[in-house]
**Q** 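Take a look at the following structure, please.
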Amino acid sequence: MNELAGKAFDKGLLLEKEAQFETAKSIYEDMFRHVTDETVLRKVRFRMEDIDDLVAEKAIYQRIDENAKRVLTEIGINISANQTIIDLLMEADAVDFNNETALFIPLKRDYIDHCLELVPREMPGDPGMNTFGTGATPPFLKRTGDEELRPANCEEYKKIILEVGSQQDTVGIFSQPVAVDKSISLSEVAELMEQNYQGLKMIATNMMSDDEVAFLKGKKHWVDGTSLLTSLAPMNNMVDPFLRSARIGNNLLLIDQSIAGVSGPASPESLLTQNHAQVIFMMVIAQTVTPGITCVHCGIPSVIEAGGNLSYSSPHQTFINAALARINIWITGFPSAQTGGSTSAPNVTARALTDSELSRNALRKYGVHIVRHALGALGSLNFFSLEKFLEDCERERRSKMLFDAIPKDKGVIPLYFPGDNQALAGIREIAEKGNPKYADH
């Protein structure tokens, strides 16, 4: 009986990891009725303390996923000023002309579902769960004892690449960690990254030439970092680069950094819903251009301080990214990337290093896929520090050893995400402010 009970408990844990919480609950309840071994029952009681919270949490994420699609069908995206995207969607018969109540241009639900079915759920070169790395091209290199703010030059960037290459046991994604000056081109940056780092790599391509962007085509260990929307409208300077990358067929990392109270609504559920909706729209466009193209969901919802600056040291920043990771891990199955491990501090201090470590450990505790900006970033992504990068890597090694030593029978930890069920109302309010039709309201 003990062996059978142990197998049943292990099956419950496996179902939890697969986010099948209601099925896991039924197994645990059945064990209560039939198992007499007190050691096993103690473990079951521990899991039952969390299982209802996990069921409720998953229901919120299911609602967010559904409401994100409703944003696209009931509110729409403000593409009226971008004829290229309009023509693309018109040719695909994706626009819902029967909807007379949408604020902007709505899509057909069956077309959204069709495109999302085409998105691969496995990505080439996937480094696996709880992967931490560099990014996302902070403009300035932070030099120890030097207050001058400027991008990295060629020699400085070569040094950074060599250091990152020496830390491949810890760095799971090498996202271009700092902007460079004119002494080195982006194509040279990519070539150096290719030569010195074997794992997953990312670079933004909007400033590259057509030939340079094509360098990524067919390379399974590269993702093309791109974006398209902000505040439910296209960024006109990003439309052509986005479509170019999609037509080439590069693996796309679809970035949306909606900011609470600025480019997105303030409530947590509304912010996640808008962020998720905008990435879904990018997926729809990408699949319309090149069906089956790899798309990594890089929604990185962000929060601000009272003064209006991004607050990467805030626990809220970490937790809302962990929640969006769960939407994809538990609900959609899309490959995903988050932000974490950065800090609002502009300098390498003990507090900045501690904040970074706490953020990474919290994300690992809840379970994420890929995390950019986790190693070496400072000042809410304004600075990259090689000193902090190396210290972050060392701390990350220690943290990973500690987490690996935790017994594997603890199950999934609830996040207690504060769902509010008013997401569409909050997004509609944001949309109305950006629609001239409602300017006098």
Side-chain angles (χ1 to χ4, degrees), residues 5-35 39-69 121 128-131 267-273 275-276 297 299 301 315-338 340 358-371 402-423:
K7 288 183 178 180
F9 183 71
D10 289 343
K11 184 177 180 181
L13 291 179
L14 179 61
L15 287 166
E16 285 192 51
K17 291 178 181 178
E18 296 173 347
Q20 302 299 318
F21 302 119
E22 291 182 335
T23 307
K25 180 180 178 180
S26 67
I27 289 177
Y28 297 147
E29 289 175 334
D30 188 61
M31 292 180 72
F32 271 132
R33 289 191 291 268
H34 299 99
V35 173
T39 301
V40 175
L41 289 175
R42 191 180 305 115
K43 293 180 179 180
V44 174
R45 290 189 193 99
F46 182 79
R47 294 313 311 136
M48 287 296 287
E49 290 176 2
D50 285 341
I51 203 71
D52 286 336
D53 292 326
L54 290 166
V55 169
E57 183 184 348
K58 183 179 178 181
I60 294 173
Y61 299 152
Q62 288 171 322
R63 183 171 69 222
I64 289 171
D65 182 52
E66 175 62 26
N67 281 341
K69 297 165 189 173
R121 266 49 178 189
M129 287 288 291
N130 296 329
T131 291
S267 80
E269 184 168 339
S270 291
L271 179 62
L272 284 192
T273 303
N275 186 291
H276 189 44
H297 189 304
H316 302 295
Q317 177 79 10
T318 298
F319 293 144
I320 200 163
N321 272 268
L324 188 49
R326 286 187 164 185
I327 290 171
N328 288 300
I329 295 167
W330 291 5
I331 308 299
T332 71
F334 299 140
S336 62
Q338 308 306 136
L358 288 173
S359 176
R360 290 191 300 272
N361 286 343
L363 289 168
R364 181 187 283 105
K365 180 176 72 172
Y366 293 115
V368 290
H369 188 187
I370 296 167
V371 181
L402 292 172
F403 273 82
D404 286 346
I406 296 174
K408 305 304 181 186
D409 61 354
K410 299 301 182 184
V412 178
I413 300 173
L415 182 60
Y416 302 111
F417 185 79
D420 55 31
N421 204 21
Q422 297 294 319

**Q** With a 3.5 Å distance limit and no angle check, can you tell me whether Gln338 reaches the backbone of Gly299 through a side-chain donor-acceptor pair?
**A**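 Checked: pair present.
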
**Q** Could you verify whether a donor N or O on one side chain and an acceptor N or O on the other, from Asp420 and Ser267, lie under 3.5 Å apart?
**A**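 Yes, side-chain donor-acceptor contact under 3.5 Å.
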
**Q** Contact between Ile331 and Lys58 at the side-chain level, heavy atoms closer than 4.5 Å - yes or no?
**A** yes

**Q** Tell me if a side-chain donor or acceptor on Arg326 pairs with a main-chain N or O of Tyr366 at a distance below 3.5 Å.
**A** yes

**Q** Can you find a heavy atom in the side chain of Leu324 that is under 4.5 Å from one in the side chain of Asn275?
**A**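 In contact.
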
**Q** What distance do Ile327 atom CD1 and Ile64 atom CD1 have between them, rounded to the nearest 0.5 Å?
**A** 4.0 Å

**Q** Would you call Asp30 and Arg33 a salt bridge, taking side-chain N to carboxylate O under 4.0 Å as the test?
**A**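 Yes, Asp30 and Arg33 are salt-bridged.
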
**Q** Any side-chain heavy-atom pair from Ile329 and Phe334 closer than 4.5 angstrom?
**A**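 In short, these two side chains do not touch, never coming nearer than 4.5 Å.
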
**Q** Measure the spacing between CE of Met48 and CD1 of Ile51 and express it to the nearest 0.5 Å.
**A**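 The distance works out to 7.5 Å.
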
**Q** Side-chain contact test, heavy atoms from C-beta onward, threshold under 4.5 Å: evaluate it for His316 versus Ile320 and give yes or no.
**A**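 No, every pair of side-chain atoms sits at 4.5 Å or beyond.
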
**Q** Can you tell me if Glu22 has over 12 outside heavy atoms packed within less than 6.0 Å of its CD?
**A** no

**Q** Using 4.0 Å as the upper bound for N to carboxylate O, is an ion pair formed by Glu16 and Arg47?
**A**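 Looking at Glu16 together with Arg47, the answer is yes, because their closest N to O distance falls below 4.0 Å.
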
**Q** Any sub-3.5 Å donor-acceptor pair from Lys17's side-chain atoms to Val412's backbone N or O?
**A**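 Checked: no pair found.
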
**Q** Taking the six-membered ring where the residue is Trp, are the ring centres of His297 and His369 under 6.0 Å apart?
**A** no

**Q** How many angstroms lie between atom CD of Gln317 and atom CG of Leu363, to the nearest 0.5 angstrom?
**A**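 Spacing of CD (Gln317) from CG (Leu363) equals 9.5 Å.
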
**Q** Between Trp330 and Gln62, does the side chain to side chain contact (heavy atoms under 4.5 Å, CB included) criterion hold? Intermediate values first, please.
**A** CA-CA 9 Å; Trp330 291 5; Gln62 288 171 322; over 6 Å; no

**Q** Quick one: does Ile413's side chain get under 4.5 Å of Asp50's, heavy atoms only?
**A**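 They are not in contact (no side-chain heavy atoms under 4.5 Å apart), so the answer is no.
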
**Q** Are any side-chain N or O atoms of Asn130 and backbone N or O atoms of Val368, one a donor and one an acceptor, separated by less than 3.5 Å?
**A** yes

**Q** With a 4.5 Å cut-off on side-chain heavy atoms, are Asp52 and Phe21 touching?
**A** no

**Q** Please report the interatomic distance CG(Asn328) to NE2(His276), rounded to the nearest 0.5 Å.
**A** 6.0 Å

**Q** Between Tyr61 and Leu415, is there a side-chain heavy-atom distance shorter than 4.5 Å?
**A** yes

**Q** So which atom in Gly367 and which in Met129 form the shortest heavy-atom distance, rounded to 0.1 Å?
**A** C-CE, 4.1 Å

**Q** What's the shortest heavy-atom distance between Ser359 and Thr318, and which atoms?
**A**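 Scanning both residues completely, I find the closest heavy atoms to be OG-OG1, 2.9 Å.
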
**Q** Would a 4.5 Å heavy-atom cut-off, applied to side chains only, mark Phe319 and Tyr416 as touching?
**A**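 Answer no - side chains too far apart.
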
**Q** Atom CZ in Phe9, atom NZ in Lys43: separation rounded to 0.5 Å?
**A** 6.0 Å

**Q** May I have the step-by-step check of side chain to side chain contact (heavy atoms under 4.5 Å, CB included) for Arg360 and Val371, ending in yes or no?
**A** CA-CA 9 Å; Arg360 290 191 300 272; Val371 181; over 6 Å; no

**Q** How long is the straight-line distance from CG of Asp10 back to CG of Leu15, given to the nearest 0.5 Å?
**A**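 Answer rounded to 0.5 Å: 11.0 Å.
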
**Q** On the six-membered ring of Phe403, is Lys365 placed so that its NZ or CZ lies under 6.0 angstrom from the centre and within 45° of the ring axis?
**A**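 No, Lys365 does not lie over the aromatic ring of Phe403.
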
